[in-house]
Amino acid sequence: MQQKIIILDFGSQTTQLIGRRVRELGTFCEVLPYNKFPHDDPSVIGVILGGSPYSVYDPEAFQIDLSRIRGRLPILGICYGAQYMSHIYGGKVEPAATREYGRANLDTFEADNPLLRGLDAGSQVWMSHGDTITAIPEGFRCIASTSKVKYAAYQADGEQLWGVQFHPEVFHSLQGTQLLRNFVVDICGSRQDWSAASFVETTVEEIRSQVGGDRVILGLSGGVDSSVAAVLLNKAIGDRLTCIFVDHGMLRKDEFANVMHDYECLGLNVIGVDASAKFFADLQGVTDPEQKRKIIGRDFVEVFNAEAQKIKDAKWLAQGTIYPDRIESLNITGKVIKSHHNVGGLPKDMHLSLCEPLRWLFKDEVRRVGRQMGMPEHLITRHPFPGPGLAVRILGDITPERVRILQEADDIYIRTMRDYKVRLSGEEARRVLAAGVPADLDRNGEIEVSLYDQVWQAGAVLLTTVRSVGVMGDERTYEHPVALRAVTSTDAMSADWAHLPYDFMAKVSNDIINHVKGVNRVCYDISSKPPSTIEWE
Ligand code: XMP
């Protein structure tokens, strides 16, 4: 049985990070709303209570009845989790006299406590709370203090119940991973056997028992998530999976043919639908970005549904939804963090049930799973690409000719980026490795990757609403500029413009202007998100 740790979500944005850290320890975990603890699941080996934007005294603060968990499973409360347990078991929590925020050091702690073993004296931790514990319940013992926070950590005597007011999951808690390892491995007894291989094995079994002998439909986009989901389903149920890949005519140069070829090589049963004529006709003369998105979304659903209806006995719709896509729906405080962009929609009258085999995975884990199943590297490390495609990268109205111009410019940009190698070290190397890019640190602590793998996403934008004068040979030109966009990011929620090397930009600009008829100027977009967005429309 796959062991798991349950992380109860009380609304803090770092709860997701706790999940990441536990996974990095080779242990499967699920982040669930605070009130959805699976009491009857025998595979749970431990519980972590996360932080919260609320104070324990707020009337709307989330409450949980721990009576069926305490004494049965090891519990670790983090920040609000620690304050909450202290509060309900008879301790005292009060507003802190000064805000306890930022770096602090564990000046005194019980070095042989199972939770704190291996930590160095003065270990740096990260605090972030407005309230503080001023008295712990009877039978609880203080096991760590900082100069400002007396009850930085506590344990219930003789019980497997701990609370820490700092955040071991964040980068600035330098030995936070050691503390989490102590809890997850030593205290909860994790076998640390969760890996891409074990994920594939258990998920294939799960899919088989979930869908039985039914037929499943899946919409492919050419992106990593839907492709990995398709290969996983194919492994589980073979040709009872039918994939649909809609070409709206605004994909990258040769992308439809290339991706169809990749899918066929992977043994997928794919129906490719060339619906570009319909999309171009419906987009004719449309310049407003939202209008474009609405038309594409609507047309996509129509085309997809028409194909899906032909698969008569389908009972399931599979999607490549991954964990970060669901944060919004899981966000229990009701604050919208990210609005969903995904086009497509459930063909309602077909009464399909949803199958989302990647729903617990982070992006880098999806990549590892894809690799584990032998998918080609170019499919796995592909940059994100918006559902409406180049339509949101052509400012002004969209014509097949304009799409062709942008495809050519974009192709030069991306190909040059794939060929250009960079050496990275330190933080930058760690960020790229953490995103799942395969590279080995050499003895100088450096990695060599392509510029394409260094950035999160890149693409060209055609500004058809602007024309400028140029000169080519003896001829005056009066044509459109292309803007190049490249960003670094970890989740697309915020992004910085990538600092591309000048020689790379010089080559790309030169090649685009010399080879793409209709473009006489190239600019580079130096805006970060926020306040700009990654896509121009
Ligand atoms: P923005 O432009 O909002 O983009 O900063 C954030 C990320 O989302 C991608 N994006 C989309 N993806 N359908 C998608 O599947 C869409 O309509 C869409 N719009 C933007 C964008 O490429 C970036 O990765």
Side-chain angles (χ1 to χ4, degrees), residues 218-230 244-252 255 259 279 282-283 286 288-301 303-304 319-329 336-346 356 358 362-364 366-367 380-395 398 406-407 410 413-414 417 431 435-436 452-463 483-498 525-537:
L218 181 144
L220 284 170
S221 68
V224 192
D225 305 342
S226 65
S227 304
V228 171
I244 301 172
F245 183 20
V246 177
D247 181 5
H248 51 32
M250 279 148 284
L251 297 171
R252 290 189 143 128
E255 188 168 22
V259 173
F279 284 85
D282 291 347
L283 285 168
V286 178
D288 178 68
E290 278 310 299
Q291 190 72 11
K292 283 183 190 170
R293 282 176 174 274
K294 285 210 178 87
I295 292 170
I296 294 171
R298 184 202 64 202
D299 282 5
F300 186 92
V301 172
V303 174
F304 185 85
Q319 290 185 334
T321 317
I322 69 171
Y323 181 60
D325 296 337
R326 303 191 306 130
I327 295 169
E328 184 188 13
S329 41
V336 173
I337 293 175
K338 179 184 173 186
S339 64
H340 281 233
H341 292 287
N342 281 338
V343 285
L346 214 62
E356 297 179 313
L358 308 180
F362 294 99
K363 193 87 178 181
D364 57 304
V366 174
R367 292 190 166 132
I380 292 174
T381 48
R382 186 170 272 243
H383 286 169
F385 187 67
L390 299 181
V392 292
R393 294 183 184 171
I394 295 176
L395 274 61
I398 298 158
L406 182 56
Q407 281 176 336
D410 180 78
Y413 183 35
I414 298 298
M417 200 169 237
R431 187 183 58 71
Y452 181 88
D453 283 337
Q454 187 192 353
V455 306
W456 165 267
Q457 189 172 4
V461 182
L462 182 65
L463 313 184
L484 303 179
R485 182 84 165 124
V487 295
T488 54
S489 177
T490 51
D491 52 13
M493 274 139 90
S494 64
D496 194 8
W497 59 276
D525 180 351
I526 52 165
S527 343
S528 56
K529 171 185 180 176
S532 301
T533 51
I534 296 176
E535 304 295 342
W536 278 43
E537 290 198 334

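Note that these values count all heavy atoms, side chains included, but never hydrogens, waters or copies made by symmetry. Numbering of residues begins at 1 and proceeds along the displayed sequence. For ligands, and for the atoms within them, numbers begin at 1 and follow the listed sequence.
- Considering both main-chain and side-chain atoms, G387 comes within under 3.5 Å of ligand 1 through a nitrogen or oxygen pair.
- Note: no N/O pair closer than 3.5 Å links A492 and ligand 1 by distance alone.
- Close approach to T533 involves these atoms of ligand 1, each under 4.0 Å from a residue heavy atom: 1 (P), 2 (O), 5 (O).
- The aromatic rings of Y452 and H383 sit parallel, their planes meeting at an angle under 30°, below the 60° perpendicular limit.
- Considering E535, R485, R293 only, the shortest heavy-atom separation from atom 21 (C) of ligand 1 involves E535.
- Residues meeting the salt bridge (charged side-chain N to carboxylate O under 4.0 Å, His left out) test with D364, sequence neighbours left out: R20, R368.
- Checked by atom type and distance alone, the side chain of K529 pairs as donor or acceptor with a backbone atom of A492 at under 3.5 Å.
- Atom CG of D410 and atom CZ of F385 lie 7.0 Å apart (nearest 0.5 Å).
- Close approach of ligand 1 to K529 (heavy-atom distance below 4.0 Å) involves ligand atoms 1 (P), 3 (O), 5 (O), 6 (C).
- Counting atoms of ligand 1 from 1 in the listed order, those under 4.0 Å from a heavy atom of P388 are 13 (N), 16 (C), 17 (O).
- Q407 meets the side chain to side chain donor-acceptor pair (under 3.5 Å) test with no other residue; sequence neighbours excluded.
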